[in-house]
Visitor: 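Next up is a structure, given as C-alpha cells.
Count residues from 1 along the sequence. The analysis underlying the following values was restricted to heavy atoms, covering all of them including side chains, and did not include hydrogens, waters or symmetry mates.
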Amino acid sequence: MRMMKNKLAERNRSKIVRSLLEYFTGEGDPSQREILENWLGEDEKNRVLFEQLNDESYVQEGVEEFRRYDSREGWQKVEGRIRVRRRRLLVRWSYAASVIILFGVGIIAWNVFSERGEKTSVVHTVLQEDIAPGSSRAILVLESGETIFLGRERDSLTRGVTGESFVNDGERLIYSGVEEKKAKIHTLQIPRGGEYTLCLSDGTKITLNANSKIQYPDRFTGRERWVELEGEAYFEVAKDSGHPFVVRSRGAEVRVLGTSFNVKSYRGEAQQTTLVEGAVEVANEQRKVRLMPGEQAVWEGNDFRVREVNTASYTAWTKQRLVFDNEPLEGVLKILQRWYDVEICIENPSLKEVRFTADLPRYEHIKKILDLLEMTTDVKFELNENVLSVKKE
C-alpha cells in the first residue's frame, strides 16, 4: 500500500513538473494548464512558490547561492564517497535536475521536490520550516548579579555600564585596562545556538562556541592571568612573559605566555587542548605535558594522551566551517545540537559509530547540512519542529 502511494505521489509530481515546464516554455495545452491551476489552488504555499519563480531577482539570487553552495572545496571532500552511491544520488537529485531543465540557463533550484515528496522547498523559500544556524548572542553576568543580554539585535550594541570597563558591539565584548582598586569577576554565558567573542583587558581574544561559559576578571592583577572555561573556546593570548595565562577547566590547567590554541571541555565529553602556535603546558592530577604546534592533548578520566593532529579541523568553527574528519555520528550530532539548538533522537544505538568526513559551511541552514551528510552514508535524518530523528536508511 505504501509503495503504491509513493508511486502515485511520484506520478503527480511528474505531471506538475511537466505542466510547469510547458508554462515557462510557452507550449502548454489546456490540460497542462488545468493541472497547473489545480496545483496552485491546492495550497497557498504553492502559489507563493510559483510567484517567486516568476521573480527574476529571486531566481538570480537562487543561482548565486547554488553556485556558492556547490563549491569545489566542499565537493572534493565528499566526492570520493559519493561515487559509490551514484544510483541513490540520481534519485535524490532527479527533481532538482528537472528544475534545471525547466527553467533553462540561469535558473537553479535546490530540491524543488524532495526525494520522498513529503516537503517542497526552493532556495530562500519558507515552504518548509528550517532551523537557522547559530548567531552572536550571549549573557553577561556581572559580579553584582546584574544580567545583560548581548547580541546583534539588542538595542545596546555599544552600551557601557556605569562603573564597568567594557563595551559591546553586538559580536564582541571588549574590555579596557581601566585601573580600579579591585578587579571584578564576570561570567559570559553562550547559549546553544550562540557564539561570541571576548576581548580581555590585556588584549587576549577568546572566541567562544555554543553552549559555553567562561569566568574571568574584568582586569588582571597579581602574577597570573586566569580564566575558567566550560565548553569550547579558541584563545589568542597576548604575550606577557611576566604574567602567565592560565585556563582552568574541569580539574585541568592550560598554562601559556602567548600563543594560539583551542580548548574543548564539555561535560560528558573528552577534554581536548589543541595547539596552533607557540607552546602550552597542559596538566591535570595525573600528568603534565608540554605541547608543540600541531599537537593535541586528550584526556577522559584516567586516560591521557598526546597526538599529532591537523589543527585546522579543530579550529574550523572559528573560520565559518564545520569540519568532520572520520568523526563518529555521535560527535557530529553533539556539534549540530549545540550550534542549531535542536534535540537529538538516535533510534538505533549502533548508528552512533557511523563515521563522517565532510567540510561544510557553518552558517548554512540545518536541512542542507543534513542533505549532504545523508549523501555519504546510509543514515537518514528527519527533522520535526525542533527534534532531529536519526534512522538507518
Side-chain angles (χ1 to χ4, degrees), residues 133-142 147-151 168 171-175 185-200 204-218 225-237 245-256 259-276 280 282-284 291 296-301 304 309 311 313-324 327-328 330-344 362-363:
S135 60
S136 295
R137 51 197 180 103
I139 302 169
L140 173 62
V141 182
L142 305 181
T147 298
I148 303 172
F149 292 89
L150 310 176
N168 167 44
E171 296 181 351
R172 300 174 300 165
L173 184 62
I174 308 166
Y175 284 80
I185 306 302
H186 292 175
T187 301
L188 190 63
Q189 301 174 354
I190 317 300
R192 290 199 328 192
E195 63 180 353
Y196 225 76
T197 298
L198 173 63
C199 301
L200 297 175
T204 292
K205 179 182 176 182
I206 306 173
T207 305
L208 290 138
N209 208 345
N211 197 27
S212 299
K213 179 172 69 174
I214 190 168
Q215 189 176 66
Y216 55 93
D218 63 348
R225 298 171 289 164
W226 66 269
V227 300
E228 291 190 4
L229 173 70
E230 181 178 322
E232 184 171 19
Y234 181 72
F235 293 82
E236 297 171 86
V237 177
F245 193 94
V246 179
V247 181
R248 301 168 183 162
S249 182
R250 295 169 53 203
E253 284 190 354
V254 180
R255 185 176 293 268
V256 303
T259 187
S260 300
F261 58 99
N262 194 82
V263 175
K264 188 174 183 179
S265 184
Y266 289 105
R267 293 191 179 276
E269 300 181 33
Q271 293 177 264
Q272 299 174 348
T273 296
T274 307
L275 182 61
V276 177
V280 301
V282 182
N284 63 8
L291 298 183
Q296 180 185 76
V298 183
W299 63 99
E300 187 170 16
F304 190 110
V309 298
T311 61
S313 297
Y314 295 91
T315 60
W317 65 272
T318 68
K319 299 177 175 61
Q320 304 183 10
R321 306 296 298 177
L322 292 171
V323 174
F324 307 118
E327 183 78 13
E330 186 175 26
V332 173
L333 293 177
K334 287 180 179 179
I335 291 171
L336 297 182
Q337 182 179 50
R338 288 190 287 260
W339 184 232
Y340 290 95
D341 191 14
V342 295
E343 300 301 327
I344 305 294
R362 177 171 159 90
Y363 292 98

Visitor: Please report the interatomic distance CG(Leu336) to CG(Leu322), rounded to the nearest 0.5 Å.
Guide: 7.0 Å
Visitor: State, to 0.1 Å, how close Tyr340 and Pro133 come at their nearest heavy-atom pair, and which atoms those are.
Guide: CE2-CA, 3.4 Å
Visitor: Please determine which of Gln272, Gln271, Glu230, Arg248 meets the side-chain hydrogen bond (donor to acceptor under 3.5 Å, both in side chains) test together with Ser265.
Guide: Gln271
Visitor: Give, for atom CZ of Arg338 and atom CD1 of Ile190, the distance between the pair rounded to the nearest 0.5 Å.
Guide: 13.5 Å
Visitor: Classify the angle between the aromatic ring planes of Trp339 and Tyr363 as parallel (below 30°), tilted (30 to 60°) or perpendicular (above 60°).
Guide: perpendicular
Visitor: Can you tell me if Lys213 has over 12 outside heavy atoms packed within less than 6.0 Å of its NZ?
Guide: no
Visitor: Compare all side-chain heavy atoms of Leu229 with those of Val254 and state whether any distance is below 4.5 angstrom.
Guide: no
Visitor: For side chain to side chain contact (heavy atoms under 4.5 Å, CB included), just list the numbers for Leu291 and Phe261, CA-CA rounded to whole Å, side-chain angles, deciding distance to a tenth of an Å, and then say yes or no.
Guide: CA-CA 10 Å; Leu291 298 183; Phe261 58 99; over 6 Å; no
Visitor: Side chain of Thr274, backbone of Gln296: donor and acceptor closer than 3.5 Å?
Guide: no
Visitor: To the nearest 0.5 angstrom, please state how far the OG1 atom of Thr273 sits from the CD atom of Glu253.
Guide: 11.5 Å
Visitor: Between Glu343 and Arg192, does any side-chain N to carboxylate O distance fall below 4.0 Å?
Guide: yes
Visitor: Give me the atom names and distance for the closest heavy-atom approach of Val298 to Ala270.
Guide: CG1-CB, 4.1 Å
Visitor: Which heavy atom in Ala316 sits nearest to a heavy atom in Val323, and how many Å separate them?
Guide: CB-CG2, 3.4 Å
Visitor: Would Glu232 and Ser212 count as having a side-chain donor-acceptor pair, cut-off 3.5 Å?
Guide: no
Visitor: Can you tell me how far CG of Leu200 sits from CD1 of Ile206, rounded to the nearest 0.5 angstrom?
Guide: 4.0 Å
Visitor: To the nearest 0.5 angstrom, please state how far the CD1 atom of Ile148 sits from the CD1 atom of Ile139.
Guide: 11.5 Å
Visitor: With heavy-atom distances below 4.5 Å as the criterion, would you say the side chains of Asn211 and Asn209 are in contact?
Guide: no
Visitor: If you take all heavy atoms of Leu198 and Leu188, which pair is closest and at what distance?
Guide: CB-CD2, 4.2 Å
Visitor: With side chain to side chain contact (heavy atoms under 4.5 Å, CB included) as the test, would you mind laying out the steps for His186 and Tyr175 before giving the verdict?
Guide: CA-CA 11 Å; His186 292 175; Tyr175 284 80; 2.7 Å; yes
Visitor: If we only count heavy atoms from C-beta on, is the Val227 to Phe235 side-chain gap below 4.5 Å?
Guide: yes
Visitor: Does Arg362 reach the main-chain N or O of Trp317 with its side chain, forming a donor-acceptor pair under 3.5 Å?
Guide: yes
Visitor: If I take atom CZ from residue Arg321 and atom OG1 from residue Thr315, how far apart are they, to the nearest 0.5 angstrom?
Guide: 13.0 Å
Visitor: Could you pull out all residues at least two apart from Glu300 that satisfy salt bridge (Lys or Arg N to Asp or Glu O under 4.0 Å)?
Guide: none
Visitor: Indicate yes or no for a side-chain donor-acceptor contact from Arg250 to the backbone of Tyr266 under 3.5 Å, with no hydrogens or angles considered.
Guide: yes
Visitor: Measuring only between side-chain heavy atoms, which start at C-beta, is Thr197 closer than 4.5 Å to Lys205?
Guide: yes
